[in-house]
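One structure is given below, encoded as structure tokens.
Everything quoted here is computed from the prediction, not taken from an experiment. Below, each value reflects all heavy atoms present in this structure, side chains not excepted, and no hydrogens, waters or symmetry copies. First listed ligand is number 1; within each ligand, the first listed atom is number 1.
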Amino acid sequence: MDLFKTYFEKNMTAIIDDKKILQELENASKDQAKVKEVLAKGRELKGLSLSEVAVLSNINDPDLVQELFETANHVKEEIYGNRLVIFAPLYISNLCSNECSYCAFRAGNQAINRRVLTQEEIAEETRILVESGHKRVLMVAGEAYPKQGFDYVLDSIDTIYSVQDEHGGSIRRINVNVAPLTVDEFKQLKDKKIGTYQIFQETYHREVYSKVHLRGKKADFDWRVTAIDRAMEAGIDDCGVGVLFGLAEWKYEILALMQHIYYLEDKFGVGPHTISVPRMEFATGSDISEHPPAEVSDEDFLKIVAILRIAVPYTGIIMSTREGPQLRGRTLDLGVSQISAGSRTNPGGYAVDHEDMSQFSLGDHRSLDEVIRDIAQKGYIPSFCTGCYRLGRTGEDFMDLAKPGLIKQHCGPNAASSFMEFLRDYASPETKKVGMEAMEKFISEMSLKDADTSRKMVDKVMHGKNDIYI
Ligand code: SAM
Ligand code: SF4
């Protein structure tokens with residue numbers, strides 16, 4: 001047992017160095033010239049060091065904030081262009097044995113009804129998502145499974161992949177957000193062909209962590225912060241990290257998050273595939289969710305997205321429907337590359353929306369069709385592409401293509417053909433019109449070679465072919 005403890009303590013020093021974070025924040029230069037120097041380095045798309053992230057987190061001057069946003073927008077344009085990956089969460093159960101004080105699913109909360117979806121119900125939820133046009137889901141569950149145990153999660157993945165609608169549409173990539181697993185369980189998850197394994201540390205501040213995780217397995221900070229190590233050991237090399245903003249000071253959190261990222265890059269040769277930036281929302285039966293101890297203002301939230309975009313240029317940033325349409329819209333220009341749309345956070349919520357089973361309140365209630373129309377009108381191209389992971393371009397292989405800018409020649413055409421599938425089978429007439437115009441503009445701005453590839457792929461889709469990707 002002691003050996004086990006020492007192992008974790010050793011690992012922990014290697015992952016989060018609390019003293020260094022505080023030192024960096026304290027010593028970070030506020031000098032305008034230094035800030036400009038860091039922003040200039042950010043424009044080179046090589047990422048930033050911990051001290052440089054600390055410098056950016058101290059920006060307050062409105063002109064420098066504007067420069068920060070412009071730099072983030074430049075990085076976003078260079079790497080992601082105007083593509084936006086679309087997904088929906090799929091909650092399969094709200095049973096949980098933990099006591100996270102901010103979450104409505106916490107074990108002691110009597111104020112919500114509990115529901116564990118059967119495989120038939122999961123198939124029904126999937127069918128509704130597929131019939132609205134979705135191709136990617138994020139499967140979510142609390143940390144307590146019915147009598148089948150972890151097999152429940154594995155079976156649910158099979159169920160989701162098995163559903164097909166009348167157009168031949170199906171979910172082609174399942175990302176998974178469940179509690180930390182053992183290496184052996186992660187191997188089983190990998191065998192089910194999941195996309196990304198996502199886990200948010202919630203807060204990297206150890207003391208705050210222990211104050212809000214009162215009981216259950218999740219109370220163990222170390223078990224959680226080493227989850228990605230075990231996932232990687234099991235061969236899952238697309239992993240997603242995140243912080244639940246509102247628990248501890250945001251500047252501390254982003255420096256700690258960066259330490260976690262450097263640690264993963266150093267140990268496994270590849271950092272996280274995605275970063276999520278959930279901000280705490282009201283949750284039934286949670287006092288803390290009404291008064292987050294370190295509430296993040298909208299302005300600071302935008303800074304967080306911008307700083308992360310510059311600091312880790314090749315890692316996707318995910319924005320959920322926790323945020324309202326207006327703020328979500330602003331984060332797109334700063335570097336968000338994936339958004340959820342038409343979401344429900346209660347198990348069974350796509351069939352019947354029971355608010356009394358939800359995990360937290362949503363800020364964006366629009367349907368997928370409405371979200372797609374809105375983002376296409378703003379000049380973005382919604383992408384339902386799932387090509388990379390199905391062709392094995394994951395982890396280091398993905399980064400090897402992304403860093404020299406080679407991934408673009410796949411992403412552009414794949415975004416176009418997958419968006420065309422949506423427009424052909426699922427869009428309302430209004431969305432179809434807006435979408436076709438956006439598509440034409442998108443392709444016309446590509447290089448001649450990519451435009452030619454895209455037109456051929458789109459043409460195949462228009463002639464009834466599905467799932468065309470390169
Ligand atoms: N139960 C697993 C866990 O905790 O890792 C997996 C899924 S949990 C349902 C998904 C995420 O929801 C948590 O990691 C947390 O960041 C987020 N969450 C919980 N309560 C929230 C709230 N009140 N507002 C916003 N996000 C919340
Ligand atoms: Fe359970 Fe996850 Fe909610 Fe914590 S955040 S109570 S572990 S569902």
Side-chain angles (χ1 to χ4, degrees), residues 89-112 114-117 137-145 150 152-153 156 175-181 185 189 194 196-204 208-221 223-228 230-231 239-248 253 257 274-296 301 318-324 340 343-347 349 357-364:
L90 176 41
Y91 281 68
I92 57 173
S93 157
N94 62 7
L95 275 191
C96 194
S97 54
N98 293 316
E99 197 59 33
C100 311
S101 59
Y102 46 81
C103 178
F105 293 175
R106 67 189 170 81
N109 188 11
Q110 311 276 336
I112 64 159
R114 302 288 163 170
R115 187 163 175 201
V116 179
L117 298 188
V137 296
L138 172 65
M139 195 182 89
V140 187
E143 187 168 6
Y145 308 118
F150 183 58
Y152 173 68
V153 169
S156 305
N175 297 335
V176 175
N177 186 330
V178 296
L181 304 171
E185 287 167 332
L189 207 55
I194 66 156
T196 308
Y197 170 68
Q198 246 188 32
I199 176 130
F200 311 153
Q201 186 60 26
E202 319 298 11
T203 172
Y204 284 96
V208 174
Y209 189 96
S210 62
K211 282 192 187 142
V212 294
H213 299 107
L214 304 169
R215 270 187 302 282
K217 232 174 160 180
K218 190 158 166 183
D220 187 343
F221 181 101
W223 177 247
R224 194 164 182 92
V225 85
T226 50
I228 293 190
R230 294 189 297 281
C239 291
V241 294
V243 167
L244 178 57
F245 286 102
L247 290 172
E253 298 287 23
L257 176 67
T274 54
I275 301 175
S276 297
V277 289
R279 218 169 27 156
M280 201 186 299
E281 293 297 330
F282 168 73
T284 307
S286 156
D287 291 341
I288 191 178
S289 74
E290 288 188 68
H291 311 283
E295 195 156 12
V296 175
F301 188 62
I318 301 180
M319 182 65 51
S320 76
T321 46
R322 289 173 180 86
E323 303 299 337
S340 52
S343 308
R344 299 280 179 279
T345 64
N346 47 327
M357 293 182 193
S358 292
Q359 193 195 7
F360 48 78
S361 304
L362 296 177
D364 188 342

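For the atom pair Asn94 CG and Ile112 CD1, the distance stands at 4.5 Å (nearest 0.5 Å). Note that CD of Gln110 is 13.5 Å distant from OG1 of Thr284, once rounded to the nearest 0.5 Å. Note: Ile194 CD1 to Asn175 CG = 7.5 Å, rounded to the nearest 0.5 Å. Rounded to the nearest 0.5 Å, atoms OG (Ser101) and CZ (Arg215) are 11.0 Å apart. Rounded to the nearest 0.5 angstrom, Glu295 CD and Arg279 CZ are separated by 8.0 Å. The NZ atom of Lys218 sits 11.5 Å away from the CD atom of Glu99 when rounded to the nearest 0.5 Å.
Nearest residue to atom 2 (Fe) of ligand 2 from Glu143, Arg224, Lys218 is Lys218 (criterion: closest heavy atom). The heavy atom nearest to atom 3 (C) of ligand 1, out of those in Glu281, Arg224, Met280, is found in Arg224. The option from Phe282, Phe105, Tyr102 that lies nearest to atom 20 (N) of ligand 1, judged by heavy atoms, is Tyr102. Nearest to atom 3 (Fe) of ligand 2 by heavy-atom distance, out of Cys103, Pro180, Gly216, is Cys103.
Residue contacts with ligand 1 for Arg279 involve N, CA, C or O but no side-chain atom from C-beta outward (heavy atoms, distance under 4.0 Å). The side chain of Val140, and not its backbone, has at least one atom closer than 4.0 Å to an atom of ligand 1 (non-hydrogen atoms only; side chain from C-beta on).
The nearest heavy-atom contact from the protein to atom 7 (S) of ligand 2 is Asn98 ND2, 3.3 Å. Of the protein's non-hydrogen atoms, Cys96 SG, 2.2 Å is the one closest to atom 1 (Fe) of ligand 2.
Taking all atoms of both residues into account, the shortest heavy-atom contact from Cys96 to Glu143 is SG-N, 3.3 Å.
Within the 2.8 Å limit, Cys100 places no N, O or S atom next to atom 1 (Fe) of ligand 2.
A perpendicular orientation is assigned to the rings of Tyr91 and Phe105, their planes being inclined by more than 60° (bins at 30° and 60°).
The one candidate from Leu257, Val243, Asn177 that meets the side-chain contact (heavy atoms from CB on, under 4.5 Å) condition with Phe200 is Asn177.
Atom numbering of ligand 2 starts at 1 in the shown order; those under 4.0 Å from a heavy atom of Gly142 are 8 (S). Taking every non-hydrogen atom of Cys103 and a distance limit under 4.0 Å, the qualifying atoms of ligand 1 come out as 19 (C), 20 (N). For ligand 1, the atoms lying closer than 4.0 Å to a non-hydrogen atom of Ala283 are 23 (N).
Ligand 1 has a nitrogen or oxygen under 3.5 angstrom from a nitrogen or oxygen of Ala141.
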